[in-house]
There are 2 protein chains.
Amino acid sequence: MDPVRRPRGRPRKPVLLEPAAGLGPRLGLHDQAAQRLRALIVEGTLPAGGALVETELSAALGISRTPLREALKLLAVEGLVELRPNRSPRVAELRRDAVSALFEAIATIERGAAELAALRITAAELERLRQLQAEMEAHHAAGDLSSYFALNQQIHALIVAAARNGPLREAHEALHARAEIARRRALDSRARWDESVAEHRAILAALEARDPASAGRLLADHVGHTGTALLAGLAEADAEPDAA
Amino acid sequence: MDPVRRPRGRPRKPVLLEPAAGLGPRLGLHDQAAQRLRALIVEGTLPAGGALVETELSAALGISRTPLREALKLLAVEGLVELRPNRSPRVAELRRDAVSALFEAIATIERGAAELAALRITAAELERLRQLQAEMEAHHAAGDLSSYFALNQQIHALIVAAARNGPLREAHEALHARAEIARRRALDSRARWDESVAEHRAILAALEARDPASAGRLLADHVGHTGTALLAGLAEADAEPDAA
DNA sequence: TTGGCATTAATTGCATGCAGAGCACGAAAA
DNA sequence: TTTTCGTGCTCTGCATGCAATTAATGCCAA
């Protein structure tokens with residue numbers, strides 16, 4: 001017969017998914033695809049409202065449609081993708097009121113997390129928080145905005161983790177990606193920066209004092225303020241669309 | 001050639017999924033499968049810890065493995081199913097501490113929802129709540145426990161819906177299925193019943209008074225009490241396993 | 001020109017086939 | 001007897017093929 005047996009199964013050369021190969025316990029292609037797509041959506045490479053055609057995407061990612069479809073379903077549960085029957089999925093659009101609701105939800109969850117964290121956080125975690133806070137203030141002083149954002153995110157994640165509550169943490173993570181989209185689209189509002197750093201200091205103090213009510217209220221307010229500032233930043237960005 | 005053309009695509013006779021055909025805007029098989037599996041898991045037909053073999057399940061549901069796999073992924077995100085690489089997925093087990101964390105999370109979310117609901121609930125929704133409360137008290141008086149549970153669930157869902165916050169509602173729904181599993185496994189503790197009805201009355205009053213702080217606190221405490229009672233019921237149920 | 005209908009092209013949804021990972025069972029070695 | 005390795009089987013993971021649905025286009029009639 002044909003001496004060259006063309007393999008029908010796994011081809012040898014995926015395209016865009018290799019970089020993740022060295023790290024973990026070898027995730028399935030669908031998980032890798034989900035992560036990759038999440039990143040592409042959050043960073044705006046896949047524009048909001050854009051149609052996600054299965055054949056195009058699967059070709060771009062170097063995988064077949066099956067794992068891609070599984071990944072899209074996951075992202076739909078997270079709210080990053082909108083699935084319509086018999087039609088191409090679309091990257092979810094983030095309307096103004098949705099951003100508002102999103103930050104309300106995050107504030108609710110982080111308040112609960114902060115209250116629990118005030119009771120359960122370990123000395124080591126507190127030490128880590130202090131360290132992150134110090135770094136954040138250094139970046140603030142240096143005017144390094146993007147490092148500030150990264151640290152800000154780490155701090156919030158650490159507080160939620162310190163609550164030792166799996167379901168709460170999962171809910172928080174799911175909402176976080178969507179909030180990140182909004183954050184990227186808004187104009188920098190450095191006006192809020194000073195305030196935010198100060199609020200973080202107060203939250204840290206409340207956690208050190210192991211005061212659940214204060215920690216919860218301060219963190220919820222902080223998130224609320226962030227949401228408000230972000231909405232303003234979005235309004236500005238929409239007003240002058242040339243400033244991409 | 002062969003006059004009998006065996007159709008490779010969609011066969012004509014699904015098996016277990018027909019009943020849902022008359023209702024909605026025709027969901028895909030994967031969504032139907034997800035709903036069906038969710039129900040089977042919650043009601044305990046698929047026992048906790050049991051392996052979910054794709055070929056068996058797909059045959060039982062009358063669908064192929066592809067949509068089944070998609071459904072399993074969704075349930076994994078909801079935490080009802082545990083996915084292990086290259087192994088059969090298992091129905092997630094609910095350990096004691098997980099139940100505790102679950103109710104903490106639900107309490108957190110419902111507190112936030114109640115606070116928002118106190119500000120946003122409409123007169124019509126309030127009226128509906130009063131009506132549900134009256135029905136619930138009637139079932140209570142009549143000793144009809146299962147109707148009481150159903151109404152209890154409706155009331156909680158209505159309060160969350162009245163908060164007008166999509167992300168919060170989604171997070172709540174995801175957690176609810178898992179809580180329902182625990183509820184089904186615990187022994188009836190009618191001792192808590194009277195207390196629970198009274199707490200519901202107080203929550204309704206706080207919403208009518210449009211008092212966010214009270215509504216939030218009362219609802220969170222109510223959920224906390226429910227969780228504690230449920231843990232006790234689970235401990236009893238584990239102690240005498242013959243009382244299935 | 002415009003409205004309605006048939007036809008075609010594009011794309012999703014589902015079924016199935018193939019390759020490899022993991023587990024069980026059993027034989028051989030210690 | 002216990003341990004280790006090998007062999008086979010079962011099951012998942014992924015790729016691909018077929019059918020059905022939808023949107024797009026052109027055609028005809030009003």
Side-chain angles (χ1 to χ4, degrees), chain A residues 1-2 4-18 20-21 24-36 50-76 81-91, chain B residues 1-2 4-18 20-21 24-36 50-76 81-91:
Chain A
M1 318 292 169
D2 189 350
V4 177
R5 167 104 165 288
R6 192 170 62 89
R8 254 193 64 153
R10 195 160 310 198
R12 298 295 159 202
K13 271 289 175 183
V15 181
L16 281 182
L17 287 175
E18 287 299 346
R26 280 233 291 285
L27 250 29
L29 286 191
H30 47 88
D31 274 321
Q32 291 179 246
Q35 284 184 231
R36 195 99 186 79
L52 299 171
V53 179
E54 294 184 359
T55 51
E56 290 176 13
L57 264 186
S58 62
L61 295 175
I63 63 179
S64 83
R65 287 173 51 218
T66 305
L68 172 68
R69 284 171 57 81
E70 294 175 352
L72 287 174
K73 295 259 185 332
L74 295 196
L75 297 178
V81 160
E82 198 176 335
L83 244 45
R84 305 165 306 167
N86 289 322
R87 225 150 286 156
S88 293
R90 306 183 79 98
V91 179
Chain B
M1 311 296 168
D2 190 350
V4 178
R5 167 105 165 286
R6 194 168 63 87
R8 254 193 63 154
R10 197 158 310 195
R12 298 293 160 202
K13 271 289 177 185
V15 181
L16 281 182
L17 288 176
E18 286 298 347
R26 283 229 293 287
L27 249 30
L29 286 191
H30 47 88
D31 274 321
Q32 293 179 245
Q35 284 184 231
R36 194 102 187 78
L52 299 172
V53 180
E54 292 183 1
T55 50
E56 290 176 15
L57 264 186
S58 61
L61 295 174
I63 63 179
S64 83
R65 288 173 51 219
T66 305
L68 173 67
R69 282 171 58 81
E70 294 174 352
L72 286 173
K73 294 260 186 334
L74 295 196
L75 296 177
V81 160
E82 199 175 336
L83 244 45
R84 304 165 304 168
N86 290 322
R87 280 204 190 72
S88 292
R90 308 184 76 100
V91 179

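What's counted below: heavy atoms across the whole structure, side chains too, no hydrogens, waters or symmetry copies. Below, chain A is the first sequence line, B the second, and so on; all start at residue 1.
Nucleotide C:dC14 holds its C1' atom 12 Å from the CG atom of B:Leu68, rounded to whole Å. Protein atom CG of B:Leu27 is 15 Å distant from nucleotide atom C1' of C:dT12, rounded to whole Å. Summarising the geometry, the separation between CZ on A:Arg90 and C1' on C:dT12 is reported as 15 Å, rounded to the nearest angstrom. In this entry the distance linking CG of B:Leu83 with P of C:dA21 reads 18 Å, nearest Å.
The side chain of A:His30 places no N or O atom within less than 4.0 Å of a non-bridging phosphate oxygen (OP1 or OP2) of D:dG13. Applying the 4.0 Å criterion to OP1 and OP2 of C:dC14, one finds that B:Thr66 has every side-chain N and O outside that range.
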Using a cutoff of under 3.5 Å, can you pull out all pairs of nitrogen or oxygen atoms linking the protein to nucleotides 9-12 of chain D, with atom names and distances?
unit_1 : atom_1 : unit_2  : atom_2 : d
D:dC11 : O3'    : B:Ser88 : OG     : 3.3
D:dT12 : OP1    : B:Leu52 : O      : 3.4
D:dT12 : OP1    : B:Glu54 : N      : 3.1
D:dT12 : OP1    : B:Ser88 : OG     : 3.1
D:dT12 : OP2    : B:Glu54 : N      : 3.2

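Using a 4.5 Å heavy-atom cutoff, the side chains of B:Asp31 and B:Leu74 are in contact. Contact check for A:Ile63 versus A:Gln32: no side-chain heavy atoms found under the 4.5 Å cut-off.
Shown here are the salt bridge (Lys or Arg N to Asp or Glu O under 4.0 Å) partners of B:Arg65, two or more places apart in sequence or in another chain: B:Glu54. For A:Glu56, the side chain to side chain contact (heavy atoms under 4.5 Å, CB included) criterion is met by A:Val53, not counting sequence neighbours. Remark: A:Leu57 pairs with A:Leu37, A:Leu52, A:Leu68 by the side chain to side chain contact (heavy atoms under 4.5 Å, CB included) rule, at least two apart or across chains.
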Let me see the working for B:Thr66 and A:Arg69 under side chain to side chain contact (heavy atoms under 4.5 Å, CB included), right down to the final yes or no. CA-CA 10 Å; B:Thr66 305; A:Arg69 284 171 57 81; 5.5 Å; no
